[in-house]
Amino acid sequence: MCLGIPVKIVELPDEHCALVEIDGIRRKVGLQLVGNVSPGDYLMVHAGFAVEVLDLAEAEARIKLWEEFLKFEGAGQA
Amino acid sequence: MKVLGRLNDSKLSMQMLHRVRDTATRVTARLGRPVLLMEVCGTHTTVFSRTGLRGLLADLVELRSGPGCPVCVTSATDIEAMMALARLPGVILASFGDMVRVPGATGSLESARARGADVRIVYSPADALDLARANPGREIVFAGVGFETTAPMVAAVIMQARSQRLNNFSVYSLHKLVPPVMRALLESRDVPVDGFILPGHVCTVTGSRAFDFIGAEYGIPAVVTGFTLVDVLDALETLLNQVLINSASVTNSYRWVVRDAGNPRALEIMKNCFYPDEVSWRGLGNIPASGLAIREDLTNWDAGRKFAVEVPPVEEPPGCRCGDLLRGKITPPECKLFNRKCSPAHPVGPCMVSTEGACAAYRVSDTSQPGR
Ligand code: SF4
């Protein structure tokens, strides 16, 4: 029941609700707990409500950091 | 979207796993024993099982589950109370799916339904509000089970019911708070945990700072993380390095989702609807200010006050060790009923029912996990 799902906002019919796509099915997601959002933003959704807006650039940076670190380490060991 | 896929990239994860194993090897050498980490969140328990990570680290890292599955920590007495509510004439009890199969003393919500009670499974508390709109002649009671992740959305729904004057909707609040139970666990000193993996989605609401006391007051490191392979391995590497250098900081490794101060809107709406109250946890007993009661000005939407059902206290099922499991004292295979009398088809305790229950998770892959 605690599963959170990252989803992209497809449409914003009103300020309280976003339309998103989960497994190919359009669903309504409550926006009462997050601030201003725009179509294209990503949300963490739990039980039909967005709990946070995702910072995908931060995720990307974290992945990059690991890739570089592992490359550097691999080179050091070779 | 691409980046979300890369967070579960198998090649990157394998390389990260090598690195994590290296660090874990150094930690175990320093400690002279495997390092003992607790994953507080039930979803992390399932990730460790589903991905096989628990088994791949078993020689170096001993993982214990904590009190992080909201269905599992709900006491048998509270389940009986929900069944009593469901049996009241005119009531429709709406619940998350995981809850309905958990056995109380006289059955479960599912068996109550088989005997005529109107129990409906909902995906969201908002669906329960829709039920109230669609059934004006009935009383809709939502079984409010969950931690800080769930409580703000239930609060939002209660506020909506008030503004739309939906007086046939109410919530039976069994919501619980994670920081107080962590404190109770640490105070008991039951298990010598070397580091904590903190519940990522609880922290979206509370913020990572709500857990700073674990390091500051108890000297144990902790890390907030999410549920992809990269999230979990990144957090393990961070946590193991903290153990290695004897650091007791609480780190937020889930910055793409969690803000250090949490979600102010969610915290605000939760405060407007609930107040902290002493509640009973399965396996841990009563803990002060560890639950959320509905505020007096919202009595109309509080099923506890509206219907005032009384049930006698119920003993936990004989032989079931969910309590010890939720305190991190044992792993599922150490329960004598595990895989024998207790299985997903015939669950004895909640930890075998809920998708986030440790016993159900251990069934997925690694039943051969060494116990101690
Ligand atoms: S195996 Fe069953 S009886 Fe044993 S602790 Fe788990 S849920 Fe309880």
Side-chain angles (χ1 to χ4, degrees), chain A residues 1-10 14-18 20-25 27-37 40-77, chain B residues 1-4 6-7 9 12 15-16 18-19 41-43 68-71 96-99 122-127 145-147 149-150 152-157 159-160 199-202 204-205 226-228 230-231 233-234 237 253 255-259 263-266 269 354-356:
Chain A
M1 62 169 277
C2 287
L3 198 68
I5 320 165
V7 296
K8 186 178 174 177
I9 300 177
V10 180
D14 63 72
E15 55 172 335
H16 291 308
C17 146
V20 303
E21 228 172 69
I22 301 174
D23 293 334
I25 300 165
R27 278 180 185 273
K28 276 207 233 164
V29 163
L31 295 176
Q32 286 89 335
L33 309 178
V34 293
N36 285 338
V37 290
D41 284 351
Y42 280 83
L43 304 170
M44 187 59 76
V45 170
H46 169 76
F49 286 82
V51 288
E52 196 50 273
V53 184
L54 303 185
D55 182 353
L56 291 189
E58 165 65 33
E60 179 107 50
R62 181 67 57 130
I63 293 171
K64 278 242 165 66
L65 207 69
W66 265 100
E67 281 172 346
E68 267 156 38
F69 170 70
L70 290 165
K71 203 156 76 191
F72 172 79
E73 246 210 344
Q77 277 167 12
Chain B
M1 193 62 191
K2 242 173 66 212
V3 60
L4 291 174
R6 278 164 72 204
L7 287 167
D9 183 87
L12 175 61
Q15 290 174 334
M16 289 174 75
H18 276 299
R19 173 72 204 186
C41 173
T43 309
C69 154
V71 170
F96 289 130
D98 274 10
M99 199 65 234
V122 290
Y123 160 72
S124 165
D127 299 342
V145 172
F147 296 132
T149 329
T150 315
M153 45 196 79
V154 176
V157 166
M159 295 310 192
Q160 229 174 317
H201 291 156
V202 163
T204 56
V205 173
F227 305 92
T228 69
V230 169
D231 285 329
L233 288 162
D234 177 73
E237 176 68 10
S253 280
R255 291 186 182 278
W256 65 278
V257 184
V258 170
R259 319 284 168 253
N263 177 335
R265 279 172 184 248
I269 196 163
S354 169
T355 41
E356 283 129 53

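All values derive from a computational prediction rather than experimental measurement. Lettering of chains follows the sequences in order, A, B, ..., and the numbering in each one begins at 1. Computed over heavy atoms, backbone and side chain alike; hydrogens, waters and symmetry mates excluded.
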Task: Structural part of I269(B) lying under 4.5 Å from a heavy atom of chain A - done: side chain
TODO: Check whether A126(B) gets within reach of chain A through its side chain, its backbone, both or neither, counting any heavy atom under 4.5 Å.
DONE: both
TODO: Evaluate the criterion side chain to side chain contact (heavy atoms under 4.5 Å, CB included) for residue pair R259(B) and E52(A); output intermediate values, then yes/no.
DONE: CA-CA 9 Å; R259(B) 319 284 168 253; E52(A) 196 50 273; 3.8 Å; yes
Task: Geometric cation-pi criterion R27(A) and Y123(B), 6.0 Å radius, 45° cone - done: yes
Task: Closest-packed option against chain A by number of heavy-atom pairs under 4.5 Å, given V205(B), T204(B), D234(B) - done: D234(B)
Open item on the list: Looking at D23(A), I want to see if its CG is surrounded by more than 12 non-hydrogen atoms of other residues, nucleotides or ligands under 6.0 Å.
Closed with: no
Open item on the list: With side chain to side chain contact (heavy atoms under 4.5 Å, CB included) as the test, pick out the partner of F49(A) among T149(B), V157(B), V154(B), T150(B).
Closed with: V157(B)
- [ ] Tell me, for T228(B) versus chain A, whether the close heavy atoms (under 4.5 Å) come from the side chain, the backbone, both or neither.
- [x] neither
- [ ] Walk me through it: do Q32(A) and M153(B) pass the test side chain to side chain contact (heavy atoms under 4.5 Å, CB included)?
- [x] CA-CA 8 Å; Q32(A) 286 89 335; M153(B) 45 196 79; over 6 Å; no
- [ ] Flag the pair M16(B) / L70(A) as yes when at least one side-chain heavy-atom distance between them is below 4.5 Å, and no otherwise.
- [x] yes
TODO: Hey, could you give me the CZ/CZ distance between R19(B) and F69(A), rounded to the nearest 0.5 Å?
DONE: 3.5 Å
Open item on the list: Using 0.5 Å steps for rounding, measure from the CZ atom of R62(A) to the CZ atom of R6(B).
Closed with: 14.0 Å
Task: Under 4.5 Å from a heavy atom of chain B, the part of V45(A) involved - done: side chain
Open item on the list: If you compare all heavy atoms of L33(A) against all heavy atoms of N263(B), which two are closest, and at what distance to 0.1 Å?
Closed with: O-ND2, 2.8 Å
Open item on the list: side chain to side chain contact (heavy atoms under 4.5 Å, CB included), that's the test. Do Y42(A) and L4(B) meet it? Break it down for me.
Closed with: CA-CA 10 Å; Y42(A) 280 83; L4(B) 291 174; 4.0 Å; yes
Task: Shortest non-hydrogen contact from P125(B) toward A47(A) - done: CD-O, 3.7 Å
